[in-house]
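Shown next, in structure tokens, is the structure this report addresses.
All values derive from a computational prediction rather than experimental measurement. Whatever order the structure lists them in is the order used to number ligands and atoms, beginning at 1.
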Amino acid sequence: MVAIPTETVYGLAGNALDEKAVAKIFAVKNRPTFDPLIVHTYSTDKIHEFVDEFPPKAQRLAEHFWAGAMTLLLPKKAIIPDLVTAGLPTVAVRIPKHPLALRLLESLSFPVAAPSANPFGYISPTTAQHVAAQLGDKIPYILDGGNCNVGIESTIIGFEDEKVIIYRLGGISVEAIEQVVGKVIVKSHSTSNPNAPGRLESHYAPKKPLYLDEEILEKFTPEEIGVLSFSEYLPCIPQANQCILSLRKDYLEAAQNLFSMMRKLDAMPVKVIFAKLLPEESLGRAINDRLRRASVK
Ligand code: TXA
Ligand code: MG
């Protein structure tokens, strides 16, 4: 088991076909075994070895977005251990775009299961240093591939009859997906569906309480508040306490910065974090999804 870079976030990777290796991943992350893992490989041909069906819409998406920040849920073959899929009949598969990850995957005879390389519930790592800070003493090796250039996890997509369903908003926007397969259903906010991925409510969370409601600005002194904002500083808070995701309002840049900035705010001498939601479009939607899950309810 080693930590590997991908273009979305760093992953904690082990042989997906070896139940012992997979069990170790769950243990190191302190992750409940009802939460299934994504299987990574380097080609669509390889994926056919692990899945029973590859519907036409899934193929179209694969052609457009792989290698890339997209995960498809497809009916699994018996070769994939039940531990990987938490007993579900589908397996999550992805071809990552990071050159180091691809080279590693091409050199292996097996696919790798890899959840984000963070302790369960905390913010995902987007640098090797993030991984080292939290899991360094528990894993033998971290492959350093620099900063993740997408910065948020993959978009997870499933298929039901003719319908395309997004279960987790991520690095590929809803708009981009709809350009390829037409209207999709977004079920990312479902709280009741245990099959729905990425959906555990409290997730991606810093240790300091994070609030989305501006009321918090009146309850603490300006020095006690850290701010995460899309493109503009708040006039009422010292600038040193503020992280701006993208001064030029670029969603790609904002996504790249999101998790690093959440960590930075977590480490600042402030008591609470106020995060201002982005416009609900493009990657702003996926970023808002992470902020909502990270926030105090
Ligand atoms: O970008 C990513 O997807 C990163 C990199 C490392 O590839 N991986 C990642 O893995 O975010 P993880 O384990 O942190 O999140 C995977 C999500 C989980 O929320 C899990 O519930 C969901 O995928 N998932 C996996 N298999 C599933 C399945 N068969 N059905 C439904 N959800 C599934
Ligand atoms: Mg994760």
Quick check: Thr90 and ligand 1, any N/O pair under 3.5 Å apart? yes
Does some side-chain heavy atom of Phe230 sit less than 4.5 Å from a side-chain heavy atom of Ser246? yes
Taking Glu224 for its side chain and Val270 for its backbone only, find out whether a donor-acceptor pair lies under 3.5 Å. no
Which of the numbered atoms in ligand 1 are under 4.0 angstrom from any heavy atom belonging to Thr8? 1 (O), 2 (C), 4 (C), 5 (C)
Examine Asn118 and say whether one of its N/O/S atoms is closer to the Mg ion (ligand 2) than 2.8 Å. no
Does any N/O atom on Thr85 come nearer than 3.5 Å to any N/O atom on ligand 1? no
Any side-chain heavy atom of Arg290 sitting closer than 4.5 Å to one from Glu153? yes
Does the pair Thr71 and Arg168 meet the rule for a side chain to side chain donor-acceptor pair (under 3.5 Å), with working shown? CA-CA 9 Å; Thr71 294; Arg168 178 176 73 185; 5.0 Å; no
When you look at Ser116 and Asn118, which way does the side chain to side chain donor-acceptor pair (under 3.5 Å) test go after all the steps? CA-CA 6 Å; Ser116 50; Asn118 52 287; 2.6 Å; yes
Salt bridge (Lys or Arg N to Asp or Glu O under 4.0 Å) partner of Asp289, chosen from Arg285, Arg292, Arg293: Arg293
Note: ligand 1 atoms sitting under 4.0 Å from heavy atoms of Ser154 are 1 (O), 2 (C), 3 (O)
Should one rank Pro36, Gly171, Ser116 by closest heavy-atom distance to atom 9 (C) of ligand 1, which comes out on top? Ser116
Residue-level breakdown please: for Leu37 versus ligand 1, do any non-hydrogen atoms fall below 4.0 Å on the side chain, on the backbone, on both, or on neither? backbone
If I apply the N/O under 3.5 Å rule, does Arg31 come out as touching ligand 1? yes
Taking the six-membered ring where the residue is Trp, are the ring centres of Phe54 and His48 under 6.0 Å apart? yes
Give yes if a backbone or side-chain nitrogen or oxygen of His40 is under 3.5 Å from a nitrogen or oxygen of ligand 1, and no if not. yes
Determine, step by step, whether Arg263 and Gln129 satisfy the side chain to side chain donor-acceptor pair (under 3.5 Å) criterion, reporting the C-alpha distance in whole Å, the side-chain angles of both residues, the deciding distance to 0.1 Å, and the verdict. CA-CA 12 Å; Arg263 282 172 190 262; Gln129 289 71 31; over 6 Å; no
Is there a nitrogen or oxygen of Tyr10 sitting under 3.5 Å from a nitrogen or oxygen of ligand 1? no
Does the Glu218 side chain pair with the main chain of Glu215, one donor and one acceptor, at a distance under 3.5 Å? no
Within ligand 1, which atoms have a heavy atom of Ile156 less than 4.0 Å away? 17 (C), 22 (C), 23 (O)
Any atoms of ligand 1 less than 4.0 Å from a non-hydrogen atom of Gly11? List them with their elements. 6 (C)
Between Glu280 and Asn288, is a side chain to side chain donor-acceptor pair (under 3.5 Å) present by the stated rule, with each step listed? CA-CA 7 Å; Glu280 286 286 337; Asn288 287 346; 2.9 Å; yes
Using a strict cut-off of 4.0 Å, indicate which atoms of ligand 1 neighbour a heavy atom of Glu153. 1 (O), 2 (C), 11 (O)
In ligand 1, which numbered atoms sit nearer than 4.0 Å to a non-hydrogen atom of Ala114? 6 (C), 8 (N), 10 (O)
With atoms numbered from 1 as shown, which atoms in ligand 1 lie under 4.0 angstrom from a non-hydrogen atom of Val9? 4 (C), 6 (C)
Using a strict cut-off of 4.0 Å, indicate which atoms of ligand 1 neighbour a heavy atom of Asp35. 18 (C), 19 (O), 20 (C), 21 (O)
